[in-house]
Amino acid sequence: MRLILLGAPGAGKGTQAELICESLNIPAISTGNILREAIRNETAMGKMAKELIESGELVPDDTIVSIIKERLSENDCANGFILDGVPRTVTQAEALDKLGVQIDKVVAIEVKDEDIIRRLSGRRVCSACGASYHLQYKPSREPESCDRCSGKLIVRKDDEPKTIVERLNTYHEQTEPLVDFYRQHDKLIVIEGQEEVKDTTNLLFTALGIKI
Ligand code: AMP
């Protein structure tokens, strides 16, 4: 299955992408994770992206297109993939088309802005491996350390309140038009993001015909 997950930051795309990835054994590809890793490794791309990410803006389309082109050419994508957080602009979606990337379905996870703000303020990420947790919905076993690697859990710089509002504005202006774009391409499924992760998973897997 070749799938795109659309939705505001904090709608649950990353969490659901991981669950689909485990269930179907296809990779979940997050441009946000790739960029954060580049920032941790202090690469040229990381240095360019850092300020944009921290201020809630998007990284330029040509950078994203070259990341995704390279990642999709890897062997593990041969039987399908889940794109989490990409495309984020109509230009990126058109670039995927031009690259000949076939998409089967696009799922938009809808969550109200006020719920997004509440959710993002409870998010914690591992400073070492990038794993994501939530104080209420997906707590780590130890309050401040990662279940996977014991790294220290921190608040992402772009999950700070001022930046959350910026990111939501960016989402509405630049990414939401993709909902209509994929509706016109007959690929769109819309689900309402639920309070509980497992309830969203139920809706999503049912919509995609995946057995739970
Ligand atoms: P995410 O983890 O998906 O919320 O991404 C974190 C940040 O990385 C975003 O707020 C953007 O600044 C940047 N980013 C990730 N994916 C993209 C994309 N497809 N296009 C532009 N910027 C992106």
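Position 1 is the first residue of the sequence, and the numbers go up from there. The analysis underlying the following values was restricted to heavy atoms, covering all of them including side chains, and did not include hydrogens, waters or symmetry mates. Indexing begins at 1, ligand by ligand and atom by atom, following the structure's order.
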Non-neighbouring partners of T170 that pass side chain to side chain contact (heavy atoms under 4.5 Å, CB included), sequence neighbours left out:
L58, Q174
Going by side chain to side chain contact (heavy atoms under 4.5 Å, CB included), name the residues that satisfy it together with S55, two or more places apart in sequence or in a different chain.
E57
List, ordered by chain and residue number, the protein residues whose closest non-hydrogen atom lies under 4.0 Å from any atom of ligand 1.
T31, G32, L35, R36, I53, E57, L58, V59, I64, G85, V86, R88, Q92, R156, D158, R167
Kindly determine whether V101 and F81 satisfy side-chain contact (heavy atoms from CB on, under 4.5 Å), including the steps that lead there.
CA-CA 11 Å; V101 177; F81 48 79; 3.8 Å; yes
Determine the minimum heavy-atom distance between A8 and L168, stating which atoms define it.
CB-CD2, 4.1 Å
Residue pair T200 / Q16: nearest heavy atoms and the distance that separates them
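Scanning both residues, the minimum pair turns out to be CB-NE2, 3.5 Å.
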With D97 via side chain to side chain donor-acceptor pair (under 3.5 Å) - residues at least two apart
none
